[in-house]
Amino acid sequence: MEFKATFKSMLGLTVIILFLTFITLYTGIVFSEIIMVFIGIALFLILMIIRIRFKVSFDEYQLRSTGFFSTQSIRWKEITNIVRMVDYGFPKDKIYGPYVYEFKGQNNKLKINFKLFPIECMNQISKITESLTIQ
């Protein structure tokens with residue numbers, strides 16, 4: 001099963017980036033500052049890259065997460081611990097927020113920000129992880 005980032009799921013981020021995009025584009029056009037136009041375009045492109053590139057997929061064997069630059073995966077049977085980043089305390093709880101989970105294995109770990117994906121993604125993965133026997 002595969003879930004991609006959606007504008008609805010990341011509504012707060014979408015609104016902020018679009019607001020900053022329009023402000024920088026408007027400023028660049030009104031004051032003839034080409035650098036501001038490029039910044040506005042870059043902000044919009046970042047939003048589009050997040051929407052197109054970010055995804056979480058899983059099957060009966062492994063969990064995969066694709067970010068900006070890489071795809072990480074962890075096999076279900078290798079998971080030894082699942083931690084919400086807010087459980088680490090300050091400063092990680094402030095940096096990551098309540099929707100970021102860390103799936104730890106013996107040799108690797110995978111962080112997923114479920115705020116970027118539809119709620120069904122977190123629900124499906126929760127059902128699978130409930131059946132795991134984690135030491």
Side-chain angles (χ1 to χ4, degrees):
M1 188 167 282
E2 181 175 282
F3 293 94
K4 292 189 175 193
T6 64
F7 292 127
K8 183 180 175 186
S9 297
M10 57 179 185
L11 185 60
L13 181 65
T14 302
V15 169
I16 289 170
I17 290 182
L18 286 178
F19 176 74
L20 292 174
T21 298
F22 290 129
I23 292 295
T24 54
L25 285 174
Y26 177 78
T27 304
I29 292 169
V30 168
F31 296 109
S32 299
E33 292 290 333
I34 194 71
I35 190 72
M36 294 300 282
V37 173
F38 284 130
I39 291 172
I41 292 170
L43 287 169
F44 184 73
L45 288 176
I46 288 170
L47 185 64
M48 292 297 110
I49 290 170
I50 291 172
R51 170 62 180 92
I52 293 168
R53 179 102 172 108
F54 279 50
K55 65 182 172 184
V56 171
S57 58
F58 56 91
D59 55 25
E60 62 268 8
Y61 303 110
Q62 66 182 351
L63 173 64
R64 288 176 299 282
S65 176
T66 303
F68 273 113
F69 305 111
S70 66
T71 298
Q72 297 177 326
S73 65
I74 188 167
R75 297 182 65 81
W76 292 116
K77 64 181 181 179
E78 293 175 359
I79 295 176
T80 58
N81 197 6
I82 302 170
V83 182
R84 291 179 359 161
M85 293 306 287
V86 294
D87 294 339
Y88 283 118
F90 187 80
K92 286 187 178 182
D93 62 338
K94 303 299 181 203
I95 294 170
Y96 290 104
Y99 295 102
V100 180
Y101 283 73
E102 183 178 57
F103 298 85
K104 290 184 178 182
Q106 289 182 349
N107 299 325
N108 58 354
K109 54 184 151 179
L110 172 66
K111 289 182 188 133
I112 299 176
N113 186 352
F114 287 107
K115 184 64 180 154
L116 301 176
F117 304 98
I119 192 69
E120 295 86 29
C121 177
M122 190 171 173
N123 291 339
Q124 292 290 329
I125 291 176
S126 293
K127 287 178 186 176
I128 294 172
T129 56
E130 286 173 1
S131 65
L132 294 176
T133 55
I134 297 175
Q135 292 84 9

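For the single chain, residues carry numbers from 1 onward in sequence order. Model, not experiment: these values are computed from the prediction.
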Is it true that [X] and [Y] fall in one hydrophobic cluster, defined by side-chain heavy atoms closer than 4.5 Å?
| X | Y | result |
| --- | --- | --- |
| L13 | I95 | no |
| L20 | L18 | yes |
| L11 | L116 | no |
| L110 | F69 | yes |
| I49 | F7 | yes |

Tell me the salt bridge (charged side-chain N to carboxylate O under 4.0 Å, His left out) pairs involving residues 88-101, sequence neighbours left out?
none
Taking A5's backbone N and O only, do any of them form a donor-acceptor pair with R51's side chain (distance below 3.5 Å, no angle check)?
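Confirmed, R51 side chain pairs with A5 backbone.
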Got [X] and [Y] here, is their nearest side-chain heavy-atom distance under 4.5 Å?
| X | Y | answer |
| --- | --- | --- |
| F3 | E120 | yes |
| I39 | T21 | no |
| Q106 | E78 | no |
| I50 | M10 | yes |
| P98 | V86 | yes |

Determine, step by step, whether T24 and V37 satisfy the side chain to side chain contact (heavy atoms under 4.5 Å, CB included) criterion, reporting the C-alpha distance in whole Å, the side-chain angles of both residues, the deciding distance to 0.1 Å, and the verdict.
CA-CA 6 Å; T24 54; V37 173; over 6 Å; no
Rounded to the nearest 0.5 Å, what's the gap from [atom1] on [X] to [atom2] on [Y]? Could you check?
| X | Y | atom1 | atom2 | answer |
| --- | --- | --- | --- | --- |
| M1 | I128 | CE | CD1 | 8.5 Å |
| N113 | M122 | CG | CE | 10.0 Å |
| T129 | I79 | OG1 | CD1 | 7.5 Å |
| S65 | I74 | OG | CD1 | 11.5 Å |

Heavy-atom pair of closest approach, residues [X] and [Y]:
| X | Y | value |
| --- | --- | --- |
| Q72 | K109 | OE1-O, 4.2 Å |
| G28 | M36 | CA-CB, 3.6 Å |
| I23 | T27 | O-OG1, 2.7 Å |
| D59 | R64 | OD2-NH1, 3.8 Å |
| T6 | P118 | CG2-CG, 4.0 Å |
| I17 | L43 | CG2-O, 3.4 Å |

Is there a side chain to side chain contact (heavy atoms under 4.5 Å, CB included) between E102 and M85? Walk through the geometry before answering.
CA-CA 7 Å; E102 183 178 57; M85 293 306 287; 3.8 Å; yes
Listed once per pair and sorted, the ring-ring contact (aromatic ring centres under 6.0 Å, His included) pairs that draw on residues 17-45, sequence neighbours left out:
none
Pairs where residues 76-123 contributes a residue and the test ring-ring contact (aromatic ring centres under 6.0 Å, His included) is met, not counting sequence neighbours:
Y101-F114
How about NZ on K4, more than 12 heavy atoms from neighbouring residues, nucleotides or ligands closer than 6.0 Å, or not?
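Counting other residues, nucleotides and ligands, NZ of K4 stays at 12 neighbours or fewer.
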May I ask you to check whether over 12 heavy atoms, not counting those of N123, lie within 6.0 Å of atom CG?
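Yes - once you tally the heavy atoms of other residues, nucleotides and ligands closer than 6.0 Å, there are more than 12.
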Does the side chain to side chain contact (heavy atoms under 4.5 Å, CB included) test come out yes or no for R53 and T66, once each step is laid out?
CA-CA 7 Å; R53 179 102 172 108; T66 303; 3.4 Å; yes
The test is side chain to side chain contact (heavy atoms under 4.5 Å, CB included); show your working for T14 and K8 and say whether it passes.
CA-CA 8 Å; T14 302; K8 183 180 175 186; over 6 Å; no
